[in-house]
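The next block holds one structure in the form of structure tokens; read it before the comments.
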Amino acid sequence: MARVKKRTFSAGQMIFEQGDPGDCAYLVENGQVQIFLNGSNGYFPLTVFSEGEVFGEMALIDNQSRSAAAKAITDCSLIVVTREQLIERMGAADPVVRILLRVLLQRIRVQNGRLAGNSLEAKDLLPIKIDQTSQIFERIQIENQIYSGLMNEEFEPHYQPIYATTTLKMIGCEALARWTSKSSEKDIAPSVFMDVIENSSVIRPLGRMILERCFSDFKQIAKAYKDCPDFFLSVNISGKQFDDPDFVQFLEGVREKCGVKPNRIKLEVTERVILEGPQSLMALKQCYDLGYKIALDDFGTGFSGLQYLVTIPLHELKIDRSFVHHLHSKPKNVAVVESLVFLAKQMDLSLIAEGIENEEELHILSRLGVPMVQGYLFSKAVPLKQLLKMPRQMKVSMSQSA
Ligand code: CMP
Ligand code: MG
């Protein structure tokens with residue numbers, strides 16, 4: 001393993017001058033460092049850093065020169081943090097946090113300029129690029145709209161029916177959050193809000209509301225489908241929801257209140273449940289042990305490596321729509337689906353395909369042995385009332401299936 005890069009300075013030695021280009025930041029291992037300004041007011045001490053403190057980070061973060069000078073007060077040993085190490089971490093941070101950090105640094109530079117007696121103003125410094133921020137703040141705005149939409153009860157679950165491929169009987173449905181703005185009376189496309197929701201904390205209150213609503217709706221659905229005792233409800237649960245320490249208790253509370261058996265509920269998760277941390281995976285295991293069915297959603301896309309098939313407790317794989325789309329003209333997709341049928345069989349998992357839009361796709365999936373399907377060919381996600389009126393048996397010409 002490479003050794004930690006260190007630099008030593010003796011008492012009184014300059015570490016860098018104000019205005020120097022910044023090549024690295026420092027973590028003080030031992031000793032004391034004076035940070036000071038040199039301006040028209042002369043020498044102006046700012047602070048002293050000692051063991052465990054970091055300095056020299058500003059020039060790397062905002063890519064400007066050293067905002068102050070640094071001098072060793074005592075003999076010091078400093079651990080070097082390279083530009084690459086810092087930039088890499090900055091790159092991984094949320095874009096809003098990155099911009100806010102730069103704004104704060106700009107303010108410190110202006111303040112330092114005043115303390116040093118220089119007439120430095122924000123306009124004299126590198127501008128903070130607004131073209132990037134506009135997109136970022138648009139996202140924040142959507143987040144705000146989602147919060148107020150939640151307060152205004154503009155979200156509700158709709159249900160997309162799921163069919164057995166061989167009989168074309170409806171055997172379950174997936175609850176999907178839908179948003180109708182009360183002010184514009186327009187439906188807002190899930191593509192606009194789902195990504196924002198899943199990456200922000202609003203998923204927790206929204207997810208809870210959807211769970212409460214769809215469990216209570218499922219009481220009516222199960223009653224309407226009482227001749228089909230295995231009729232199930234699929235709900236999408238994000239990693240952030242599982243990471244909520246009270247999630248399982250909440251889930252169990254709503255389920256018991258509605259008198260639904262756990263084996264009729266399918267929790268659709270993605271591999272992100274693991275990326276969220278050990279707490280999420282533990283919560284998922286708890287749900288598995290309680291008897292909930294677990295389906296791995298969007299399988300084959302994103303980071304869904306085969307590793308997750310062994311780490312996540314599972315009952316079902318959900319083949320992502322991208323493999324289903326245009327199956328008839330994409331032999332490679334047929335090969336993928338065929339392999340997934342084999343894989344599911346070997347691992348004793350059930351299998352479902354989503355995003356079916358035409359009969360050709362259905363015929364191929366049926367021929368390959370995918371047991372369950374959902375998609376626009378049958379129905380989009382519909383409100384509860386509409387779902388209850390839908391035919392239980394679909395009629396599609398299966399003439400090509402032979
Ligand atoms: P940088 O600009 O790279 O080099 C000088 C360092 O001094 C700077 O990073 C910060 O780590 C530190 N620094 C600058 N201004 C202040 C201040 N006002 N108070 C405390 N530390 C400062
Ligand atoms: Mg899903």
Side-chain angles (χ1 to χ4, degrees), residues 14-28 33-39 44-50 53-71 78 80-83 86-87 90 101-102 104-116 118 120 125-126 157-162 172-177 190 194 197-198 207 210 214 232-239 241 265-273 293-302 304 316-322 324 352-355 372-375 381:
M14 285 303 293
I15 301 167
F16 52 72
E17 296 283 355
Q18 185 178 331
D20 278 356
D23 55 344
C24 65
Y26 294 102
L27 172 66
V28 182
V33 173
Q34 173 78 66
I35 302 289
F36 62 97
L37 300 169
N38 280 312
F44 191 98
L46 281 172
T47 189
V48 173
F49 287 124
S50 52
E53 291 185 287
V54 176
F55 68 96
E57 75 296 343
M58 287 176 55
L60 304 192
I61 296 171
D62 64 11
N63 210 16
Q64 301 192 45
S65 56
R66 294 291 189 197
S67 59
K71 186 180 187 171
L78 307 177
V80 172
V81 181
T82 65
R83 175 178 285 275
L86 210 98
I87 297 299
M90 285 283 292
L101 197 55
R102 287 190 49 209
L104 287 174
L105 294 192
Q106 193 86 309
R107 288 189 190 145
I108 295 176
R109 284 183 184 273
V110 171
Q111 204 62 32
N112 281 2
R114 287 198 188 118
L115 292 173
N118 303 338
L120 185 70
L125 294 161
L126 278 184
H158 281 197
Y159 300 93
Q160 184 170 44
I162 294 172
C173 59
E174 178 179 0
L176 294 156
M194 273 327 287
I197 285 178
E198 284 184 351
I210 294 286
C214 68
F232 61 85
L233 171 72
S234 272
V235 279
N236 295 280
I237 311 286
S238 79
Q241 283 172 278
I265 304 294
K266 224 174 252 181
L267 306 177
E268 293 195 9
V269 303
T270 67
E271 74 291 346
R272 286 177 67 174
V273 82
K293 297 272 184 264
I294 315 285
L296 189 53
D297 208 355
D298 304 335
F299 189 67
T301 61
S304 57
E316 183 172 302
L317 292 183
K318 194 156 189 177
I319 307 174
D320 187 70
R321 61 184 63 243
S322 57
V324 174
I352 175 164
E354 63 178 347
M372 288 177 283
V373 283
Q374 74 185 88

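Heads up: numbering here begins at 1 and tracks the sequence. Because the structure is a prediction, the values reported are computed rather than measured. Ligands are counted one by one from 1 in listed order, and the atoms in each one are counted from 1 as well.
Nearest protein heavy-atom neighbour of atom 6 (C) of ligand 1: Gly56 N, 3.8 Å. Protein heavy atom at the shortest distance from atom 12 (C) of ligand 1 is Ile35 CG2, 4.0 Å.
In the vicinity of Phe55, heavy-atom distances shorter than 4.0 Å reach the ligand 1 atoms 11 (O). Near Thr47, with a cut-off below 4.0 Å to any heavy atom, the atoms of ligand 1 are 20 (C), 21 (N). Those atoms of ligand 1 that come under 4.0 Å of a heavy atom in Ser67, given as number and element, are 1 (P), 2 (O), 4 (O), 5 (C), 8 (C), 14 (C), 15 (N). Counting atoms of ligand 1 from 1 in the listed order, those under 4.0 Å from a heavy atom of Phe16 are 4 (O), 5 (C). Listed by number with element, the atoms of ligand 1 under 4.0 Å from a non-hydrogen atom of Leu46 are 15 (N), 16 (C), 17 (C), 18 (N). Numbered from 1 in the order shown, with element, the atoms of ligand 1 that lie under 4.0 Å from a heavy atom of Ala59 read 1 (P), 2 (O), 3 (O).
Looking at Gln18 against ligand 1, nothing comes within 4.0 Å, counting heavy atoms. Heavy atoms of Leu115 found under 4.0 angstrom from ligand 1: none, in either backbone or side chain. Contact annotation for Phe44 and ligand 1: no heavy atom of the residue comes within less than 4.0 Å of the ligand.
With respect to Glu174, the side chain to side chain donor-acceptor pair (under 3.5 Å) criterion is satisfied by exactly one of Lys318, Lys266, His158: Lys318. Each of Val28, Leu27, Val54 was scored for a side chain to side chain contact (heavy atoms under 4.5 Å, CB included) with Leu78, with one residue passing: Val28.
Using modelled atom types and a 3.5 Å distance limit, the side chains of Ser234 and Glu268 yield a donor-acceptor pair.
The structure places SG of Cys214 at 7.0 Å from CD1 of Ile265, a figure rounded to the nearest 0.5 Å.
Ligand 1 has Ala68 within reach: a non-hydrogen atom of the residue lies less than 4.0 Å from it.
Taking the side chain as every heavy atom from C-beta outward, Val269 and Ile294 approach each other to under 4.5 Å.
Between Asn112 and ligand 1, an N or O atom pair is found at a separation short of 3.5 Å. By the 3.5 Å distance cut-off applied to N or O atoms, Leu60 is not counted among the residues near ligand 1.
Annotation: protein N, O or S atoms under 2.8 Å of the Mg ion (ligand 2) (waters excluded) comprise Glu174 OE2, Asn236 OD1, Glu268 OE1, Asp297 OD2.
Shown here for Phe36 and Gln18, the closest heavy-atom pair between the two residues is O-OE1, 4.1 Å.
Taking the six-membered ring where tryptophan is involved, the planes of Phe55 and Phe49 are essentially parallel, since the angle between them stays under 30° and well short of 60°.
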